[in-house]
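Worth knowing before you read on, the calculation uses all heavy atoms, side chains too, and leaves out hydrogens, waters and symmetry mates. All residue numbers refer to positions in the sequence shown, counting from 1.
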Amino acid sequence: MSKVLQAYRFALDPGVAQESALRSHCGAQRFAFNWGLAQVTANLAQRNAEASYGLEGDSQTAPMSWSAYDLRERWNTVKAEVAPWWRENSKEAYASGLANLATALTNWKDSQTSRRKGAGVRFPQFKGKRAVLSCRFTTGAFGLVDRDRRHVKLPRIGVVRTHESTRKLARQVAQGNARIRSATITFRAGRWFCSFSVEIARTDPLPARPDTVVGVDLGIKSLAVLSTGERVSNPKHLEIAQRELRRLQRQAMRRCGPDKRTQQKPSQRWRQTQARIAKLHVRVANARRDGLHKLTIRLVRSFGTVVLEDLSVSGMLRNHRLARRIAGIGMAEFRRQMTYKTAWSGVRLHIADRWYPSSKTCSGCGVVKAKLRLSERIYTCENCGLTLDRDLNAARNLAGLAELSSPSCGATRNEPDGNPHQTRLVRAAGIATGRPTHGVGQRRHGNASARDTPQRFLNGQ
């Protein structure tokens with residue numbers, strides 16, 4: 001038994017007054033975020049201007065703290081002036097907006113000073129009214145309703161009905177195995193959701209065959225090919241939805257859309273078409289995620305060791321001929337699910353090195369080919385004469401890496417000879433809150449430019 005953080009998300013069915021209150025809380029969070037960002041931007045600009053005049057040290061304006069606590073203290077002193085209506089919403093709405101701003105500013109500065117790895121993070125931008133609606137509650141009366149499995153409680157909003165039952169979470173809370181830490185409301189494609197961050201003690205069953213190893217090779221034609229010979233077909237949810245998606249996008253082009261150059265506002269019909277497009281994308285994403293959940297849970301409950309490749313998904317998406325099909329598979333989501341599910345079940349997750357030639361290596365004799373075109377779907381070894389499906393050959397090579405590794409050391413040895421890199425044994429993190437951990441296939445904004453990340457602001461901190 002291990003304690004982990006797990007998210008339970010429920011679709012809400014609010015009334016007219018409750019939906020208005022939900023939008024008000026999300027708007028309050030956006031207002032607090034924009035107010036804090038305006039204060040920080042003005043302070044940094046002032047210090048930068050003073051530095052250009054030759055002022056240094058104590059002669060400059062005092063720097064403004066970016067911590068969530070200091071931002072909240074400053075907000076409490078001026079909220080009656082800048083937001084006379086602040087009592088209409090819970091205080092947590094404003095606190096969550098300021099906390100998000102503090103996190104965004106910290107990530108930006110750490111990225112500029114090389115304390116944060118990965119792609120550059122740009123300076124926070126002001127949020128418009130059309131931005132994603134969300135609000136987080138950490139204190140107050142929120143959670144489940146006693147003796148009712150179809151409602152949830154939210155501060156200042158009250159009891160809101162859910163589309164689905166909450167009995168799974170209610171049973172864990174009643175038994176003392178779970179504790180609700182926070183609640184987050186979001187609006188996606190015409191539907192409201194409430195996500196509870198729960199600290200829960202999980203007792204996942206051990207795999208059926210704990211001594212077996214399976215290599216998983218993700219692909220396009222087949223979603224996954226296992227070293228056991230099983231081939232999981234690709235459902236191609238995005239490809240199936242392309243006909244309806246094209247029709248809606250052509251319809252949106254015929255209608256009056258926004259134009260930043262002429263300050264033209266979009267028509268109501270254009271907004272309606274965009275809402276239908278968003279619902280279609282959500283339906284495709286839900287179907288894809290459901291299929292990946294079923295596959296990953298089956299692998300975790302069947303095998304004791306799972307071997308995956310460290311794929312550069314962002315680099316693969318640069319191939320414009322295959323970008324849409326690669327994006328429709330959900331490779332990063334597959335690895336994210338495998339990461340936390342293997343930790344919950346006690347299964348070993350082995351990540352092969354990104355440069356390991358799994359497809360070019362013969363699984364029979366170990367000879368590595370110098371070149372292997374993507375169109376060659378059948379692997380033929382010129383040394384031993386082995387003829388095998390290309391993806392199955394790669395899956396068997398991945399499985400062989402775990403069999404050659406030693407569980408007592410942090411690194412493993414690659415075979416055959418000729419691969420200059422080493423694989424690494426990764427123990428999965430035990431947190432699944434709906435977002436991928438840093439460095440696990442997640443995509444961020446593009447590289448920060450001089451316009452997006454004002455380097456001059458760093459002089460003021």
**Q** State whether R390 and D217 are salt-bridged, where the test is any N-O pair (Lys NZ or Arg NE/NH1/NH2 against Asp/Glu carboxylate O) under 4.0 Å.
**A**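 Not counted as a salt bridge, because no side-chain N and carboxylate O are separated by less than 4.0 Å.
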**Q** Do other residues, nucleotides or ligands put more than 12 heavy atoms under 6.0 Å from the CZ atom of R243?
**A**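 Check fails, neighbour count at 12 or below.
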**Q** At what distance, to the nearest 0.5 angstrom, does CG of D13 lie from NE2 of H163?
**A**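 One gets 4.0 Å once the value is rounded to the nearest 0.5 Å.
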**Q** How would you list all residue pairs meeting salt bridge (Lys or Arg N to Asp or Glu O under 4.0 Å) that involve residues 293-303, not counting sequence neighbours?
**A**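 Output for this query lists E230-R298, D290-K294.
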**Q** Rounded to the nearest 0.5 Å, what separates atom SG in C362 from atom CG in N397?
**A**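 The distance works out to 7.5 Å.
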**Q** Could you tell me if the side chain of I277 sits less than 4.5 Å from the side chain of L245, heavy atoms only?
**A**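 They are in side-chain contact.
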**Q** If the condition is salt bridge (charged side-chain N to carboxylate O under 4.0 Å, His left out), which residues does E244 pass it with, not counting sequence neighbours?
**A**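 E244: salt bridge (charged side-chain N to carboxylate O under 4.0 Å, His left out) contacts with R247.
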**Q** State, yes or no, whether a side-chain contact exists between I329 and F334 at a heavy-atom distance under 4.5 Å.
**A**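 Side chain of I329 against side chain of F334, heavy atoms only: no contact under 4.5 Å found.
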**Q** Can you pull out every ring pair (Phe, Tyr, Trp, His ring centres under 6.0 Å) where at least one residue sits in residues 257-306? Sequence neighbours excluded, please.
**A**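 Output for this query is empty, none listed.
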**Q** For the pair L218 and V216, evaluate side-chain contact (heavy atoms from CB on, under 4.5 Å) and give the outcome as yes or no after the intermediate values.
**A** CA-CA 6 Å; L218 300 179; V216 182; 4.1 Å; yes
**Q** Charged N to carboxylate O under 4.0 angstrom, E164 versus R150?
**A**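 Salt bridge absent between E164 and R150.
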**Q** Ion pair present between R354 and D310, side-chain N to carboxylate O less than 4.0 angstrom?
**A**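 Salt bridge present between R354 and D310.
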**Q** In Å and rounded to the nearest 0.5 Å, what is the CZ to CG distance from R325 to N319?
**A**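 Rounded to the nearest 0.5 Å, the CZ-CG separation comes out at 10.5 Å.
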**Q** Under 4.5 Å between any side-chain heavy atoms of L37 and F123, yes or no?
**A**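 Sidechains of F123 and L37: in contact.
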**Q** Would you give the length of the straight line joining atom CZ of R396 to atom CG of D389, rounded to the nearest 0.5 angstrom?
**A**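 One gets 9.5 Å once the value is rounded to the nearest 0.5 Å.
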**Q** Rounded to the nearest 0.5 Å, what's the gap from CD on Q39 to CG on N43? Could you check?
**A**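 One gets 9.0 Å once the value is rounded to the nearest 0.5 Å.
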**Q** Quick one: does any side-chain atom of S222 pair with a main-chain N or O of A224 as donor and acceptor, under 3.5 Å?
**A**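 No; zero donor-acceptor contacts below 3.5 Å.
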**Q** Is there a donor-acceptor pair closer than 3.5 Å between any side-chain N or O of N107 and the backbone N or O of T103?
**A**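 Here the side-chain-to-backbone pair exists.
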**Q** List for me each residue that meets salt bridge (charged side-chain N to carboxylate O under 4.0 Å, His left out) alongside R261, sequence neighbours excluded, and say none if there are none.
**A**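 Counting only residues at least two positions away or on another chain, R261 forms a salt bridge (charged side-chain N to carboxylate O under 4.0 Å, His left out) with D259.
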**Q** Could you state the interatomic distance from CG (L280) to CG (L248), rounded to the nearest 0.5 Å?
**A**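 Nearest 0.5 Å value for the CG-CG distance: 6.5 Å.
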**Q** Do M338 and L308 touch side chain to side chain, with heavy atoms closer than 4.5 Å?
**A**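 They are in side-chain contact.
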**Q** Can you name the salt bridge (charged side-chain N to carboxylate O under 4.0 Å, His left out) partners of R289, sequence neighbours left out?
**A**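 So R289 forms no salt bridge (charged side-chain N to carboxylate O under 4.0 Å, His left out) with any residue.
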**Q** What residues, two or more places apart in sequence or in another chain, satisfy ring-ring contact (aromatic ring centres under 6.0 Å, His included) together with Y8?
**A**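 Applying ring-ring contact (aromatic ring centres under 6.0 Å, His included) to Y8 gives none.
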**Q** Below 4.0 angstrom, N of the basic side chain to O of the carboxylate: do D391 and K221 qualify?
**A**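 No, no charged N to carboxylate O under 4.0 Å.
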**Q** Under 3.5 Å, side chain of H25 to main-chain N/O of A93, donor-acceptor pair present?
**A**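 Checking the backbone N and O of A93 against the side chain of H25, no donor-acceptor pair under 3.5 Å is found.
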**Q** Between side-chain atoms of residues 364-373 and protein atoms elsewhere (two or more places apart, or another chain), which donor-acceptor pairs fall under 3.5 Å?
**A**
unit_1: K369; atom_1: NZ; unit_2: T380; atom_2: O; d: 2.8
unit_1: R373; atom_1: NE; unit_2: E376; atom_2: OE2; d: 3.2

**Q** Any side-chain heavy atom of L169 within less than 4.5 Å of one from V198?
**A**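 In short, these two side chains touch, coming nearer than 4.5 Å.
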**Q** Would you mind reporting whether K341 and I297 have side-chain heavy atoms less than 4.5 Å apart?
**A**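 They are in side-chain contact.
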**Q** Would you please name every residue forming a ring-ring contact (aromatic ring centres under 6.0 Å, His included) with W35, sequence neighbours left out?
**A**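 For W35 the ring-ring contact (aromatic ring centres under 6.0 Å, His included) partners, ignoring immediate neighbours, are W75.
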**Q** Does the side chain of R116 reach to within under 4.5 Å of the side chain of W108, using non-hydrogen atoms?
**A**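 No, side chains not in contact.
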**Q** If we ignore hydrogens and angles and just use 3.5 Å, is the side chain of S227 paired with the main-chain N or O of G215 as donor and acceptor?
**A**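 Side chain of S227 to backbone of G215, a donor-acceptor pair under 3.5 Å: yes, one is there.
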**Q** Whether the side chain of S114 engages the backbone of D110 through a donor-acceptor N/O pair (distance < 3.5 Å, no angle test) should be reported.
**A**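 No.
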**Q** Holding to ring-ring contact (aromatic ring centres under 6.0 Å, His included), I want the full list of residues that pass it with F33, two or more places apart in sequence or in another chain.
**A**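 With sequence neighbours excluded, F33 shows a ring-ring contact (aromatic ring centres under 6.0 Å, His included) to no residue whatsoever.
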**Q** Can any side-chain N or O of S24 pair as donor or acceptor with the backbone N or O of S20 at less than 3.5 Å?
**A**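 It does not hold such a pair.
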**Q** Distance only, no hydrogens: is a donor on one side chain within 3.5 Å (strictly under) of an acceptor on the other, for Q6 and R202?
**A**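 There is such a pair between these side chains.
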**Q** Does a side-chain heavy-atom distance below 4.5 Å link I200 with K3?
**A**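 SC-SC contact between I200 and K3 ruled out.
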**Q** Please tabulate, for side-chain N and O atoms in residues 251-258, each donor-acceptor pair with protein atoms closer than 3.5 Å (sequence neighbours left out).
**A**
unit_1: Q251; atom_1: OE1; unit_2: T273; atom_2: OG1; d: 3.1
unit_1: R255; atom_1: NH1; unit_2: R269; atom_2: O; d: 3.1
unit_1: R255; atom_1: NH1; unit_2: T273; atom_2: OG1; d: 2.7

**Q** Run the salt bridge (Lys or Arg N to Asp or Glu O under 4.0 Å) check on R288 and E333 step by step: do they pass?
**A** CA-CA 10 Å; R288 180 194 304 120; E333 176 66 14; over 6 Å; no
**Q** I'd like to check the salt bridge (charged side-chain N to carboxylate O under 4.0 Å, His left out) partners of K129; sequence neighbours left out, ordered by chain and number.
**A**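 For K129, no residue satisfies salt bridge (charged side-chain N to carboxylate O under 4.0 Å, His left out) once neighbours in sequence are set aside.
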**Q** Output yes when a side-chain donor or acceptor of R377 lies under 3.5 Å from a complementary backbone atom of L374, and no otherwise.
**A**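 Looks like yes, one N/O pair under 3.5 Å.
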**Q** Can you give me every donor-acceptor pair (side chain of residues 180-194, partner residue at least two apart or in another chain, under 3.5 Å) with its distance?
**A**
none

**Q** List the atom of A119, the atom of S111, and the distance in Å for their closest heavy-atom pair.
**A**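 Looking at all heavy atoms of both residues, the closest pair is O-OG, 4.2 Å.
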